Every structure is written in C-alpha cells, then in structure tokens.
2 protein chains.
Amino acid sequence: MNGKATTTRTKLERGRSALGPALELVHTGRAPTRAVLTSELGVTRATAGAVAAELEALGLIRVDSSPGSAAGSQGRPSHRLSVLEAGPVVLAAQVHADGFRAALVGLGGRIVATTPGCVAVMADPAQVLGEVVGAGAALLRASGLRCVGAGLAVPSAVAEPDGTALNPLHIAWPAGSPVRDIFSACVREAGITGPAFTGNDVNLTALAEHRHGAGRGAQHLLCVATGHRGVGGALVLDGRLHSGSSGLALEVGHLTVNPEGRPCHCGGRGCLDVETDPLAFLTTARREPGPEESLLKQAGDLLRAEYDDPAVRHAAEELIDRLGLGLAGLVNILNPDRIILGGLHRDLLEADPERLRAVVADRSLWGRSGSVPILPCTLAHNSLVGAAELAWQPVLDDPLAALA
Amino acid sequence: MNGKATTTRTKLERGRSALGPALELVHTGRAPTRAVLTSELGVTRATAGAVAAELEALGLIRVDSSPGSAAGSQGRPSHRLSVLEAGPVVLAAQVHADGFRAALVGLGGRIVATTPGCVAVMADPAQVLGEVVGAGAALLRASGLRCVGAGLAVPSAVAEPDGTALNPLHIAWPAGSPVRDIFSACVREAGITGPAFTGNDVNLTALAEHRHGAGRGAQHLLCVATGHRGVGGALVLDGRLHSGSSGLALEVGHLTVNPEGRPCHCGGRGCLDVETDPLAFLTTARREPGPEESLLKQAGDLLRAEYDDPAVRHAAEELIDRLGLGLAGLVNILNPDRIILGGLHRDLLEADPERLRAVVADRSLWGRSGSVPILPCTLAHNSLVGAAELAWQPVLDDPLAALA
DNA sequence: TGAGTTTGTGCCGCAACTAAACAAACTGCG
DNA sequence: CGCAGTTTGTTTAGTTGCGGCACAAACTCA
C-alpha cells in the first residue's frame, strides 16, 4: 500500500499542482497537443505526459495516440488532446425575461443537451428555479452522465457574499431575492451532485466569450450588452471575472452619454441605460414598442430588416454615437485590450462597425495610438455556457479534489 | 558538495516558493511574528521557520529570539519578525511640477535617506533624471548600503510596454518622452545595480498606500488624487496594481460630472479634470490663481485657512459635489471596498467628510447597502514610497533570484 | 511546582517536479 | 529503400519543497 506498487500506479499518483492549469488549457482549446501543453505549462515533457495521463485516467480528456495526420511539420507527430465527449457534465440554467432554459454542458463549453426554452417566467423565483432545475434533472437522467456541479445565470446584479438578486428588473422577481440559496436548494432537492453557483448573465456571457468565443486570448476583456431593457457590463481580467468587492462592478448603465437626454430613474439624465437599449432604439426610430419581453427581438429585427429606412438608420446612428461615448469612457477607466458587444449593441456594431469604432477612438483619450478592437459576441447561448463555466471552475482549479 | 553537508546547509537550501509571500507579509507588516507568518502562509511551523531563517540569512529580515514581552496570551511567546534596518535599499525618485526628489527606501517602506526637494524642473527629461539619479547615487555612496533596484514616479500616464510618458502636462516635458529608457540609462550610468522601473505617480501612490498606508487590507482599492492641474486615478486589485492593457487605465479625468460645466480640452464639458482640480477651486472661490507649480499648495492653504469665508465654503461644497458624482460613477464601475483621496481631494474630504460620503452614497447605485469607506492618504512622500515598491517587487516575487 | 497552552525544531517521508538518456514516429533527401 | 535530421513520448534517477510527527522550549495560570 505504501511502497511503489507498479509503474502505472506511480504515474497516477503524481502531477497534482499542474493538473488544474493543464485541464484549463485543454478546456479552452489552447492545448491541442501534448507538445503545446508542455510549452504552455512551462514544464518538461515528462511532467506534461504524466499530467495528461492523469487527466485521461480521471475521465476528463482524451489522448489520441494514433493521429496519422499532422501535415506540415517535421518530426514525430504529437498526440492530440481533446475533452472527453462521454465525460462528466454540469447543469447550466439561465433565466431571461423571454423565458428560461436548462442544459447539460461538458468541458470545452460543449452543450450536450438542452431543454426547449420556456417562455413564461413566473413572479416567484422559487417556482421558476424549481421548474428549470427539474427540467435539467430530467435531461441528466436521460443522458446517464455524471454531473459535477450546477450554474445559473440571472439578469440581475448578484450581491456578494450573500447571493441576492439586487435588480431583477426585467423579470418580475422581488429585488433582494436570495437567488443563490434558492437555486442551491432546488439543486439539492433534485438530487443533483456537486456545488451550485449563481451569477449575473452579462458577467457569465463575458466569461464564456473569453474562454470559448470572441474574447479568447484577450488579457483584459470588456463586455457590454443589452437585454430587453437596460445595459449590463462585465470585465474579465487576466482570465478571471472581476465582479468587484461585493459583486456589483461594471454596473455601467448609468454612465452619462447624453447630457440633454432622457431622464433616468437613477435621477440623472441621458444614462447609457435609457439611451442605448432596445426601447430607446424603437422610440428613436418612431416605432411602437411591443411587449416588454420581445423588445430585443423587435429592435434587432427592425435594425436588420429596415436599415434603409431613414428613420431607422438615423436611430441606429444616434444610438451608435451614444454607445461609443459610453464605451470610450469605459476605455479610459479600464483600458481593456478587447471589447465585445452583445444584445442590441451587437446588432448596432454589425450595422455600422466603422462608425462605432471611430466614435470610440475619437472620444477615448488614447484612441489614436492603436484603438481597441470591438467585436460581436459569437457564442450561441453564451450566458448558459458562462453559467456552466462557473460550475466547472472548481474542477479547473483542482480536478482531484473536485471529483473526489 | 552533493550530499547533506550539515544541518545548517540543509536549512539554507530549502524554502524557495514560499519565500516571496513570506517576505511580502513581513514587508507590509502583516506578519509581526513567526506564528502569524505560519498561519498567513498556510504552511506548517517547520516550513515557516525555515523560510524565516532563510530570509534572515539573506540579510532581509530580523528574527528577534528574545522578545521578553508578549503580554496577554498564554503559551510560548513567538519570535518577532521585522525588516532589517541595515538591509538593502532601493533608489526611489519622483518628479513633480514643484520639484524632484530622490531617496533611499528600505523594506517596509522606510525612507532611509532623502535629498532636499529641488524646485526647478527643466524641460529636458534627460537632464532632470540625470540630476535626480546623481543625487540618489550620492546618497547611496554616503550610506554604504546595498542597492537592489530603482524606481521613478512621474506625473504622467506611462504607456506599456514602451514606457513613454504620454501626457507630462504639468511639467514641460515633451509628450511621448521615453522616460523609462532615459531613467534606466541614467541608473546604469550612475553605476547603480539592479533593474529600473518607471510608473505614474498616482498609481504608485495607490500602491504605497495599499501596502503601508490607509489602503492596508483593502481588497479593491480606488485612489483618486489631484496634482496642481487635473485629476488622476489608480486601482489596486487583490494587492496588484491594475494599470490596464497598455498602462492607461484609470484616466478618470474626463468623467462628466457637470453637464453644464467648463469646456475641457478633451472636447467634452464639465469633466472631473476641469471641475475638481486646484485651479477650479481657486476660480470658483474667486481668487487669483498664482503660478502653476504652486496651485495645489495655494488651494489647500486657502481651503484650510479660510473655510469660514462663504465664497471659499461654497467653492468647496461645489467641488465636493462634483467629486462625489465622479466617485459614484467609478464606484458603479469598479465596486471598490475602499477609496482614498490625495492632493486637493484629500483636503476637500477633510473639510467636510460627511458631505462627500453622502453624495457618493446617494449617487452610487448600491450606496444604501453599505457605502464605501472614503479615507485620506496618510503616507508622507507616498509616490516616492510607491516608486520604491516598484523596485522592490522583483525581490518580493523571488528573493533568491533578485538578490543573486 | 505542575498542568495546560502555544511555539520552535529535528527527522522522516513523499509528492511533484527536473534532467538526461533513450526510444519512437515522422519528413525529406540521396 | 535507407539513412540522417527533427520532434515527440517514456523511462530512470535524482532534487526539493513541504507535511506530519514527536519532542523540546517558553510562557501562564492555578
């Protein structure tokens, strides 16, 4: 028991501290081969080999011993690394104004299974979360996969350390609902194993995009997105979400972007919230806004379908200018090296990318000396994948401890 | 050579990876005894003992074996840890509009020796830096201490990775001056050993206050300060300076704090820069501003001496309201758990702390749920100490490598 | 004086590496 | 086809930083 039993046994027992970083590299696709893993980790081939073998033994990754096709380079082809398809999953859930959804997400941000989106969001968080977790548990039973945790994305700031939803404005939940506790309770009741986490949807979008989408490789990533109403922001610094001392960072909705603008419920005027959200776009374009839960779709459709209409185009340009002013302010404060936009902001960027980039470069102090790249979000269901990232984090930090 | 020679030899060879964290704990005063060091590092007593012994052997700290007085607690008294007075120093320099200064700074932020401040700053950075480094080298020769690096604080944003001063507005240096290279060259020419670093003065003030002053123990520290003209900001996140992807973060001077305010050279109106700096205070108080390089002193003296004067008081209150608006905007974006103010902002805070705290709490979104503590800077020569921190950083990261 | 408490130290062992030599799997050239 | 050259994987033998444990030391308190 205490001696060195066999060679295999010895290998399985080593490689602890580099295990997490190695898994994260494979998870984010930055280590496609063992050779790359070796250089990215900054360790010897022996260590990288042992670490990869242990991750394979844990059922997390796959090591392709017979690649056959590694054209171009000389030398012995490297074994390919990939996340294991039949490996464990986490339960991810998201609640938006236009419905809620549950999914199983594997390593690499791969959505294994998902429920159809439900459209009605009830006013009682416990009821909604009970239903969404129940749907996720059903998916899990059907799949037969191992579950190592659960994550939830909500359209509200989530206060630390208590985990309450401070402003679930777009859904009819009471402010201050203890969403983290409710979600944890639902997860436990459904018999799902592993810890449960809850976070703000824009934060989780940023995290997902940083790991698997348009934010890959960015050092300091700023993400700004609209829902149906209002604007949210998020910041990923050196690969870690920055949510502030009490989870309330990047509440960017009340930056002033138009001194003569619309009054805002915060007491100011011309806040980013009321000047660049879907409702602002529709009213500026002189269209009748539809029901609250479809404003984002209505605005996006209008922007894409009728960009030739002068009123629509004018409204888009006005919003782009306001958004650019807000982004420039954030650039001056945060100095990110990449910005990604979601929701209607993403549509505005795609409608006239040059205009937005010009405004940001013009109004940010250091815009001339190399302006910041501004990109659209690329992932489908990004806040769902972000919720999964939250749940995967303990495994990425210490695979042995998290799977024990 | 290869075997275990003696017990002492074995001890000297161990304890590498925890060495840096341990030194940082002693350096910042968070590990007054070996027992505290043990728990703060999260290691066993054996390891902490070995680490402390090695730091002592390196000539960095002192381990008091005979304390004699540890009243209150039971049990064997712990050995006291402190930085070694006769240990190595770094050369720290600062350049401000009202003069430049050099100093020797030891571990713990202790100023060992300093030159008298020189008042005339020439337009040629090479000349100024040559003089200040020369003065520092003279101090060093006189002291006979070992020098392990050099740090410089300048009143300008310093771009990364090239190390150029982007806006040395208050001193007559050309924008884009390669201050880091110039400083490095001067340091090498003066025969000073160790690497040379250059940073923005407000950034370095924040770093110094976080390690040795009013920011001690803060998780996310925001620092805002005025010089003679304009406003600077800095952010320390989890103990590390956040200066953005290209060193340009926290350029907070162009936050809008008064939509109907003074025009600013940035193209906007009512920026923090032009609404809350010493010149704004003097003109609001209807006083004749003196020479540029003494605006800060003039404004501070006026505020302290004539606060009873209605015009002065009104000006102070107006500036406090504007500053509060700016700080509230920053709180919404950064969610720090402490704010410290320097320059005239410090004086404004001390003139009416309640008013400023009330404005910030009222205008920041989450002010009600526990407002952010706002404190004045406490360290004398804080940007000088901050420049020293920059130079100490390699030693704190890896004492063995840095002293080799 | 002795029990209880807390801290420092020596010793053993081990987990997690590195270094170096060797084996394997490819490319490309003659 | 065979052989050099290149890159990658594996094995073996250290090295090292640290935990665990036992014990000694230095105090307080009864």
Side-chain angles (χ1 to χ4, degrees), chain A residues 1-22 31-56 63-81 398-401, chain B residues 1-22 31-54 56 63-81 398-400:
Chain A
M1 267 299 217
N2 52 349
K4 20 187 116 172
T6 67
T7 310
T8 314
R9 181 61 184 272
T10 307
K11 247 192 284 181
L12 275 176
E13 276 169 357
R14 54 194 317 195
R16 195 141 43 205
S17 102
L19 219 62
T33 66
R34 276 195 22 180
V36 176
L37 182 67
T38 302
S39 61
E40 286 289 311
L41 285 178
V43 297
T44 58
R45 289 197 296 270
T47 305
V51 165
E54 184 161 4
L55 288 176
E56 191 179 26
V63 182
D64 264 343
S65 303
S66 53
S69 61
S73 70
Q74 292 185 50
R76 175 174 174 174
S78 189
H79 293 178
R80 299 201 72 76
L81 302 178
D398 188 345
L400 279 181
Chain B
M1 270 300 215
N2 52 352
K4 18 187 118 173
T6 67
T7 309
T8 314
R9 181 62 186 272
T10 306
K11 248 191 279 181
L12 275 177
E13 278 170 353
R14 53 191 320 192
R16 196 145 39 207
S17 101
L19 219 64
T33 66
R34 277 194 21 180
V36 175
L37 182 67
T38 303
S39 61
E40 286 290 312
L41 284 178
V43 297
T44 58
R45 290 197 296 268
T47 304
V51 165
E54 184 159 6
E56 191 179 26
V63 181
D64 264 344
S65 304
S66 53
S69 61
S73 70
Q74 294 185 48
R76 175 175 174 173
S78 189
H79 294 179
R80 300 200 72 78
L81 301 178
D398 188 345
L400 278 180

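Quick note: numbers below take in every heavy atom, side chains included, and nothing from hydrogens, waters or symmetry partners. Here is the naming used below: chain letters follow the sequence lines, and residue numbers restart at 1 for every chain. Since we're looking at a predicted model, the values are computed, not measured.
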[X] [atom1] to [N] [atom2]: how many Å, rounded?
X	N	atom1	atom2	value
B/D64	C/dT7	CG	P	17 Å
A/E40	D/dT8	CD	C1'	17 Å
A/D398	C/dA16	CG	P	10 Å
A/E56	D/dT10	CD	P	10 Å
B/R34	D/dA25	CZ	P	15 Å
B/R45	D/dG19	CZ	P	12 Å
A/H79	C/dC26	NE2	C1'	12 Å

Original post:
Roughly how far, to the nearest 0.5 Å, is the CG atom of A/L400 from the OG atom of A/S17?
Top reply: 11.0 Å
**OP:** Calculate, to the nearest 0.5 Å, the distance between atoms CG and CD belonging to A/D64 and A/E56 respectively.
**Re:** 9.0 Å
With a cut-off of less than 4.0 Å, is there a side-chain N or O of [X] near OP1 or OP2 of [N]?
X	N	result
A/S78	D/dG9	yes
B/S17	D/dC18	yes
B/T47	D/dG19	yes

Return the polar atom pairs (N/O with N/O) between nucleotides 4-7 of chain D and the protein under 3.5 Å, or none.
from, atom 1, to, atom 2, distance (Å)
D/dT7, O2, A/R76, N, 2.9

Original post:
If each of A/G42 and B/T38 is mapped to the nucleotide of DNA chain C with the nearest heavy atom, which maps nearer the 5' terminus, i.e. the 5' end?
Top reply: B/T38
